[in-house]
Amino acid sequence: MSVDHSKHPARRSVLLGIAAAPFVAAATTCAADASPGDGRNYVVPQPRPGEYPTDPTTPKHELRSFWLSVVANIDWPSKPGLSAEAQQAELIAWLDLAVAQRHNVVVLQVRPTADALWPSRHEPWSVWLTGEQGKDPGYDPLGFAVEEAHKRNLELHAWFNPFRVAMSEDPSTLIPSHPARQHPEWVLPYGGKLYYNPGEPVVRQFVEDAIMDAVDRYDIDAVHFDDYFYPYPVAGKVFHDEQQYAEYGAGLSLDDWRRSNIDDLIVRLGNRIKRSKPLCQFGISPFAVWRNKATDPTGSDTTAGAETYDDLYADTRGWVKKGWIDYICPQIYWSIGFAPADYAKLVPWWSDVVAGTPVHLYIGQATYKVNTNGAVDPHWLNPEELSSHLQFNTNYPQVQGNIYFSAVPVRKDELGATTLLNEKWYSRPALLPASPWLKHRAPARASNLRRDGNSLQWQDGSRDTAHFAIYRVPVESQRANAKSRDLADARYLAAVIPAEQRSWTDNEPGGQPHVYVVSAVDRAGNESAGVAVS
């Protein structure tokens, strides 16, 4: 039932791009000679950043997503052992929810506990699918997810946990063929769970290989890590990596050596991802406190009980400053005004960290705390709390999106908090932020745009197009024209559709005369000039 997706072209047929190539020159000539209102095409240049005022509630570029957790069946599948058809139906429902929320990304957990949601060449099928580790679920969940997400114009960010092996310390809970059973020297029990030991070079190589099996074979849009590197400290417990430290420590302190192991994984994996798929991003969503200011003057003005740098041995700030990753999404799971870790202090701190780097900043939002965490922090009893976070973010242009934990709370919509978000902040679609360091040249614009009432058809200009953005611009008469300022934000953005579609019917045209503008967008988020038709 599984498919080797390495044999299939990414997102769209190369033949479509080749067939469309002859239309590029024709479109340029047509655009240069046309005048607005004559039914022919004309070019609408994209505005320069800051050239025109924009509405912060309708940003043109913004990542919007939720985490779809598989471990312990938190979100999907709803329970282990469902039929392939039932699992697929549930997954489609989650993707459709993302579309309804006007999200543009889904972050799907595909390697929750050193296992796989695809027919991995290195690790067994996940127990969370069938209830039995190693049992084929009867289809390829990752392949299915990629195909169905892209069909809906959603990016699929594949979420991997690098070192967690089992939710128990007992290796006998793993099937005999599991790599951790075959190589017991690779694993360490700690705090009720079993982990691969990051101090073993062969372990880091194996983790890379296991992840790259998915990168090489599937058309995923990003590799995503969350906050689990070395395990969170457990009082009275010791992570017994003394033997590896003695062998590989090379004169470093224990803490620096552990950080060097995680650094090594991040650098090597990042390089391998880009060699395999240059446009596949590498994003990390860490615990939001790198270090408290009392520990390090460079740190945030927080008093958090855990610090990523010192406790998880993950120098997340350093990875941003060195440009080792494409995006960082700190899990700022606290309210505005929560004294130990104030959202209003952490967002400015992270904004300063990414300033001057090519790394995108997204914020992890705690939907799961709404109406459930009032005893610790009464702010979460306010249905406006999450919306206030997005309002606060508008003061920091470095913040370019949000990811919500997790899918079930997003759907549950406690206190109507998600509905409030959607009504105020997600009323229009959005393009993903551009990543010009991955690819700096926009695709060729669309050509031969034709309008029949409220239906449009066009031809592609180049094969690097991943999406088309369609703007519905109200005008005073059918002979009026669209201008660059109309494309400055998403107020007139009617739809973003997959490149394969190349046609669209407007089901909400309204009564006012309007002009349609179509632009081409590539996988790095670069947008061509618009082509308009009256």
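All residue numbers in this chain count up from 1 along the given sequence.
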Any chance you could lay out the ring-ring contact (aromatic ring centres under 6.0 Å, His included) test for Phe287 and Trp334, step after step, and finish with the verdict? CA-CA 11 Å; Phe287 181 75; Trp334 304 287; 5.6 Å; yes

Determine whether Asp170 and Lys193 satisfy the following criterion, salt bridge (Lys or Arg N to Asp or Glu O under 4.0 Å), listing intermediate values before the conclusion. CA-CA 8 Å; Asp170 183 3; Lys193 297 182 176 66; over 6 Å; no

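The backbone N or O of Gln391 lies less than 3.5 Å from a partner atom in the side chain of Thr394, making a donor-acceptor pair. Using a distance-only test at 3.5 Å, with no hydrogens or angles considered, no donor-acceptor pair links the side chain of Gln365 to the main chain of Ile332. For Glu155 (side chain) and Asn104 (main-chain N/O), no donor-acceptor pair under 3.5 Å exists by modelled atom type.
A salt bridge is absent between Glu200 and Arg204; no separation between the charged side-chain nitrogens and carboxylate oxygens falls under 4.0 Å. Salt bridge annotation for Asp241-Arg258: present, with a cationic side-chain nitrogen under 4.0 angstrom from a carboxylate oxygen.
In this structure, the ring of Trp257 has its center no less than 6.0 angstrom from the ring center of Tyr248. Ring to ring, Tyr313 and Tyr309 are not that close: their centroids are 6.0 angstrom or more apart. Two rings, from Phe225 and Phe282, have their centers less than 6.0 Å apart. The six-membered or imidazole ring of Phe338 lies away from that of His379, with a centre-to-centre distance of 6.0 Å or more. Residues Phe163 and Phe229 keep their aromatic ring centres 6.0 Å or farther apart. Annotation: Tyr343 is in aromatic contact with His389 [ring centroid separation under 6.0 Å]. A centroid separation of 6.0 Å or more is found between the aromatic rings of Trp159 and Phe405. Ring centroid separation for the pair Tyr368 and Tyr404 does not come in under the 6.0 Å cut-off. Separation of the His240 and Tyr245 ring centroids does not fall under the 6.0 Å cut-off.
Heavy-atom contacts from other residues, nucleotides or ligands closer than 6.0 Å to NZ of Lys439 number more than 12.
Counting heavy atoms from C-beta outward, Val408 and Ser69 have side chains that stay 4.5 Å or more apart. Counting only heavy atoms from C-beta outward, the side chains of Asp352 and Pro348 never approach each other to under 4.5 Å. Side-chain contact check for Leu361 versus Ser351: some heavy-atom pair is nearer than 4.5 Å.
In summary, the side chains of Gln281 and Asp326 do not present any donor paired with an acceptor at a separation below 3.5 Å, with no hydrogens or angles considered. Judged purely by distance below 3.5 Å, without hydrogens or angles, the side chains of Ser335 and Asp377 pair a donor atom with an acceptor atom. Side-chain contact annotation: Trp118 with Asp213, donor-acceptor N/O pair under 3.5 Å present.
The only member of Asp227, Thr113, Asp226 that meets side chain to side chain donor-acceptor pair (under 3.5 Å) when paired with Asn161 is Asp226.
In this structure, His183 and Trp186 have parallel ring planes: the angle between them is below the 30° cut-off, well short of the 60° mark. Using the six-membered ring where Trp is involved, Trp290 and Trp349 have ring planes that are parallel, under 30° apart on the 30 and 60° scheme.
Figure legend: cation-pi geometry between Arg111 and Phe160 absent, as NZ or CZ is not positioned both under 6.0 Å from the six-membered ring centre and within 45° of its axis.
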